[in-house]
Trainee: 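Provided herewith is a single structure, encoded as structure tokens, for subsequent inquiry.
The chain is numbered in sequence order, starting from 1.
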Amino acid sequence: MENNMKNSFLIISLAIIVLAGLFGGCSHDVKGPARVNISPTVKFTNIPVERARFSSDTTIYWYGTDVDGYIIHFRYTVVESTIVIDPETFIDEDGTGFIIPDSEVSWVIKEVDLDQNLIGTNDRVRMSADVADPVRKYVASYVFLQAVDNLGAESQIVYRAFLKNNHFPETDIGTNRLIDPYINAVSPNGILEGVVLTFSGSDPIDYRLGDEPPFQYRWKILGPYTQAQLAEIRSQYVDSVFMDTYGDLYRKGESLFVFTGLDTTIDSSVIPYDTAIDSSFNKFLVDNLRGSNPYGRWNGVLLGIDGHLDSMVVDPDDLGNLDNLLLFDTTIVDSSSDWTYSQSAQLFDIFRNQDVTPESDTTRQMYFVAWCQARDDANVPDKIPAFEYFTAIEPKFEREVLVIDYGSYLRASTQNFPVFPPVVPFRGRPQYADSFMVRNIFAEYINYWKPGSFDAVNVFNDTVINGFTIRYFRNGNTQDYFTLRQLYEDDTTKAMTLRDILKHKIMILVKDETDGSVELQSDIGSYIVDGINAGMSCWIMARAGVGAGLYEDGGVPLMPEVLATYFGVEETHTDDWQRRTQSRIPGFQPRIEDFQGAMPISGIDLPILAIDTVRLENRYLWDTAYPQYFYPFRKPLVMDTIDTNIYGEDTVYVFRLANYSGKQCAGGNDSGHAALPEVGYIVRSYDATPLYLYYSTWEKFGISRPTYVTRKEGTVIAVRYDHPVFRTAYFPFTVLPLEPVSGREMFGKMLDWLSEQPYIQTGKVRATGPFGSGLNKELYREQSRRLRELSSQGLLEILGTSAR
């Protein structure tokens, strides 16, 4: 036992000595050959196979390995066989590069990052086709593939050849049909968007719709053209051609031969037998191939832009005529610099190249041509580029003021509207038609402000368009005055265009009665909004501007969005005058005549306004259906009858009942005070400037105000809205009943303010004003788009036309 313990101690001691010698006497350097990074490898998968044929870009698959690291990316390049004669000699000696400089190699990188789910082992590879004959001919392309590892080592390059043909793509130009015509804008700095065109391509044979790779485009915009020049383009520059599925072109009168099979004929009378093989075809006259057919499609062709394309379309005997198609050479408005992937173009100042005399430099609507050619993923261009016509207005705002009359002077039962002399009775009672009093009074005020600026004399003649009679003459329309609603029950249609509006700097929208509303959500309303967006000023002067049905009887009336956005009016408050005044109880007639005048806000340089008794009496028709019940706070009209000679009839019609005066009402006899009914008050937005406060007859004369009449004394009754691009104002009354001296002063000062338009059609935003330099263009653009969209869906009221 003792000997064993001694032996164990000896063995342990020797082991410690040996280990100490080993660690103490050995060098720290590791000697031997250096470790070498092994390059990765890459291979194509077994499909698609070598020299596989495609008619569209196809996804190619591969995989790679790296035994001592990891692959960070794969890369590939595609080279056509016309450049690479022998792929083995195209790769350099060490197999990791090419014999051409690296700067001439365009690699497509496919990153590998498993954390980001980037596998990098496939891609939809773009290959070219034969541009001249892409359908029949296949073009071989080599896909060279390489892997790179985390230390930068490159694999040997591998390659595989694929063949591709292609079908011709088709091009489409999108013009905004909602904006027809466009309004020319000189720059993108204002609200107007200019002319926006979109381009798209399709390749229905090679790809499913929506599955196509991005197309490239080249385009030109040409113009402006008069109607005569447009007719010349359509007759001399436009042709049609039939293109079959191979891209071959056929003119009218030519025939298409379609292969149907092979016919074999054996002559057994000779030895050996004589065998003949002939092809059989069906012959089709292309003139008969219309609509959907399996052989091709008809295309409209615009000549005179690309000589090479023209030469493929025109009959060889007519090639000399192409030398005469020179119109487009000098009328290019804009074009793409080269092929681009951008699918839209936004154009400004498109009339800039038009040479016009100062006398001719007025608001004009002219025609333009958009031309575009798409090119697909195989670099094959559309053989028949697309073209579209569009119209645009060059606004010059050469005239001062346009009055747009929303009044509906139609029914005898309509109360409280401007008086007009009667004409031929309708359905047994007198009808009151336009004596053009509204037009003539506004003409007087406008011409007092700027002499000779308003045309109330040169009335348009009636015009028949598309079977509809536009009653310009009967409605007294001039270049500065348009009526929007029917003046006779047998009216058929009226018309006012966007061009008519854009001739002017200022619009005044008038409605001096309580029927209907100043409807801006209408076809004409969309034009008015476009005019404001272009920088025009707009002034609404309208009683019950949002309609007689919106009264204060259980809540705040709903405001049209356009009024709130463009005029700074958030609420309007009116009395339900129509329902109240129809309670025809003998001995009690509700009275609602309230508006006595208006007091200017302190600091506002405008005069005090007052109702003129004589003008109120002589300019308003209070009721024709029930004159025994309706009478205002005023004396009756002086005249009981009017002698008229309208339509050649010398007939006296009853205008007022002879015993109209001296009627009794609640509260005693008529006071004789002049007051205008149904002038509501408004609630403004924070950035609209209040101008006038309401002056009520009840408070002025201490008359007990009926409970059904809203208190209006001291409320805001007029505002103006100062915007960086436009100026607007809203008054719930017109100038017709006002005392003339103060009325003219107020009217002139308002027109002076509305005329401050250094920013109109300049494309610039005014730097001063409550908005400063901020401008939410999209808010106003969206208003225009919304109205145009509703119009295209038939959801807007068609003002100025017969709805029956």
Trainee: Between Asp244 and Gly296, is there a donor-acceptor pair closer than 3.5 Å when you use the side chain of the first and the backbone of the second?
Mentor: no
Trainee: Determine the minimum heavy-atom distance between Leu222 and Ile332, stating which atoms define it.
Mentor: CD2-CG1, 3.7 Å
Trainee: Could you report the tightest heavy-atom contact between Ser128 and Val139, atom names first, then the distance?
Mentor: O-CB, 3.9 Å
Trainee: Nearest 0.5 angstrom please: Asn122 CG to Tyr63 OH, how far?
Mentor: 15.0 Å
Trainee: Could you report the tightest heavy-atom contact between Ala370 and Ile173, atom names first, then the distance?
Mentor: O-CD1, 3.3 Å
Trainee: Taking the side chain as every heavy atom from C-beta outward, state whether Arg136 and Asp248 have any atom pair closer than 4.5 Å.
Mentor: yes
Trainee: Strictly distance-based, threshold 3.5 Å: is any side-chain N or O of Asn299 a donor or acceptor partner for the main-chain N or O of Ile384?
Mentor: no
Trainee: Thr96 versus Gln146: any side-chain heavy-atom pair under 4.5 Å?
Mentor: yes
Trainee: If only atom types and distance count, is the side chain of Ser141 paired as donor or acceptor with the main-chain N or O of Val78 below 3.5 Å?
Mentor: no
Trainee: For side chain to side chain contact (heavy atoms under 4.5 Å, CB included), just list the numbers for His504 and Met536, CA-CA rounded to whole Å, side-chain angles, deciding distance to a tenth of an Å, and then say yes or no.
Mentor: CA-CA 8 Å; His504 300 81; Met536 293 180 67; 4.1 Å; yes
Trainee: Could you tell me whether Arg51 atom CZ has more than 12 heavy atoms of other residues or ligands within 6.0 Å of it?
Mentor: no
Trainee: With side-chain hydrogen bond (donor to acceptor under 3.5 Å, both in side chains) as the criterion, how do Thr171 and Asp382 come out once you've worked through the C-alpha distance, each side chain's angles and the decisive distance to 0.1 Å?
Mentor: CA-CA 7 Å; Thr171 312; Asp382 185 356; 2.8 Å; yes
Trainee: May I ask you to say whether Arg785 pairs ionically with Glu782, meaning some side-chain N is under 4.0 Å from a carboxylate O?
Mentor: yes
Trainee: Look at the rings of Phe390 and Phe368 and say which category their plane angle falls in: under 30° parallel, 30 to 60° tilted, over 60° perpendicular.
Mentor: parallel
Trainee: Assess the side chains of Asp376 and Tyr207: does a donor N or O sit below 3.5 Å from an acceptor N or O?
Mentor: no
Trainee: Do Phe98 and Phe144 make the cut of ring centroids closer than 6.0 angstrom?
Mentor: yes
Trainee: Given 3.5 Å as the limit, does a donor-acceptor pair link the side chain of Tyr295 with the main chain of Phe284, or not?
Mentor: no
Trainee: Salt bridge check: are Lys220 and Asp306 linked by an N-O gap of less than 4.0 Å?
Mentor: no
Trainee: Over all heavy atoms of both residues, which pair between Leu303 and Phe328 is shortest? Give the atoms and the distance, please.
Mentor: O-CE1, 3.2 Å
Trainee: Between Tyr159 and Glu88, does a side-chain hydrogen bond (donor to acceptor under 3.5 Å, both in side chains) hold up when you go through it step by step?
Mentor: CA-CA 9 Å; Tyr159 62 87; Glu88 290 291 342; 2.7 Å; yes
Trainee: How about Tyr182 and Leu347: do any of their side-chain heavy atoms sit closer than 4.5 Å?
Mentor: no
Trainee: Less than 4.5 Å apart, side chain to side chain, heavy atoms only: is that true for Leu285 and Ser255?
Mentor: yes
Trainee: Answer yes or no: is there a side-chain heavy-atom contact under 4.5 Å between Lys396 and Arg364?
Mentor: yes
Trainee: I'd like to know whether Val369 forms a side chain to side chain contact (heavy atoms under 4.5 Å, CB included) with Thr331, so could you lay out the CA-CA distance, the side-chain angles of the two residues, the decisive distance to 0.1 Å, and finally the verdict.
Mentor: CA-CA 10 Å; Val369 178; Thr331 54; over 6 Å; no
Trainee: Is the backbone of Ile221 close enough, under 3.5 Å, to the side chain of Asp334 for a donor and an acceptor to pair up by distance?
Mentor: no
Trainee: Without swapping roles, check the side chain of Thr363 against the backbone of Arg499 for a donor-acceptor pair under 3.5 Å.
Mentor: no
Trainee: If the condition is side-chain hydrogen bond (donor to acceptor under 3.5 Å, both in side chains), which residues does Ser202 pass it with, not counting sequence neighbours?
Mentor: none
Trainee: With the side chain counted from C-beta on, respond yes when Ile501 and Met496 share a heavy-atom pair under 4.5 Å apart, and no when they do not.
Mentor: yes
Trainee: If you count every heavy atom of other residues, nucleotides or ligands that lies below 6.0 Å from Asn324 atom CG, does the total exceed 12?
Mentor: yes
Trainee: Walk me through whether Val356 and Phe351 qualify under side chain to side chain contact (heavy atoms under 4.5 Å, CB included).
Mentor: CA-CA 10 Å; Val356 294; Phe351 285 80; over 6 Å; no
Trainee: With side chains defined as the heavy atoms from C-beta onward, is the minimum distance between Asn379 and Gln216 less than 4.5 Å?
Mentor: yes
Trainee: Say whether, by atom type as modelled, one donor and one acceptor occur between the side chain of Ser336 and the main chain of Trp219 under 3.5 angstrom.
Mentor: yes
Trainee: Does Glu104 use its side chain to pair, donor to acceptor, with the backbone of Pro101 at less than 3.5 Å?
Mentor: no
Trainee: Of all heavy-atom pairs between Glu170 and Ala374, which one has the smallest distance, and what is that distance?
Mentor: O-CB, 4.4 Å
Trainee: Is there a donor-acceptor pair closer than 3.5 Å between any side-chain N or O of Gln479 and the backbone N or O of Asp500?
Mentor: no
Trainee: What's the separation between atom CD1 in Ile60 and atom CZ in Arg124, rounded to the nearest 0.5 Å?
Mentor: 11.5 Å
Trainee: Is Gln346 reaching over with its side chain to a backbone N or O of Val196, donor-acceptor style, under 3.5 angstrom?
Mentor: no
Trainee: Determine whether Gln373 and Leu309 satisfy the following criterion, side chain to side chain contact (heavy atoms under 4.5 Å, CB included), listing intermediate values before the conclusion.
Mentor: CA-CA 11 Å; Gln373 184 181 33; Leu309 295 175; 3.8 Å; yes
Trainee: Where do Pro48 and Thr59 come nearest, in terms of heavy atoms and distance?
Mentor: CD-O, 4.0 Å
Trainee: Answer yes or no: is there an ion pair linking Asp57 with Lys164, defined by an N-O contact shorter than 4.0 Å?
Mentor: yes
Trainee: Just wondering, do Trp62 and Tyr76 contact through their side chains at under 4.5 Å, heavy atoms?
Mentor: yes
Trainee: Flag yes if more than 12 heavy atoms outside Arg290 fall under 6.0 Å of its CZ atom; otherwise flag no.
Mentor: yes
Trainee: How are the rings of Trp298 and Phe242 set to each other: parallel, tilted or perpendicular (split at 30° and 60°)?
Mentor: perpendicular
Trainee: Looking at CD1 of Ile183 and OG of Ser784, how far apart are the two atoms once the value is rounded to the nearest 0.5 Å?
Mentor: 7.0 Å
Trainee: How far does CD of Glu778 sit from CD of Glu193, to the nearest 0.5 angstrom?
Mentor: 6.5 Å
Trainee: Mind telling me whether Phe215 and Tyr217 have parallel, tilted or perpendicular rings, with 30° and 60° as the class edges?
Mentor: tilted
Trainee: As an exercise, state the distance from CD1 of Ile100 to CG of Asp92, rounded to the nearest 0.5 Å.
Mentor: 10.5 Å
Trainee: Working to the nearest 0.5 angstrom, can you tell me the gap between Leu787 CG and Ile524 CD1?
Mentor: 12.0 Å
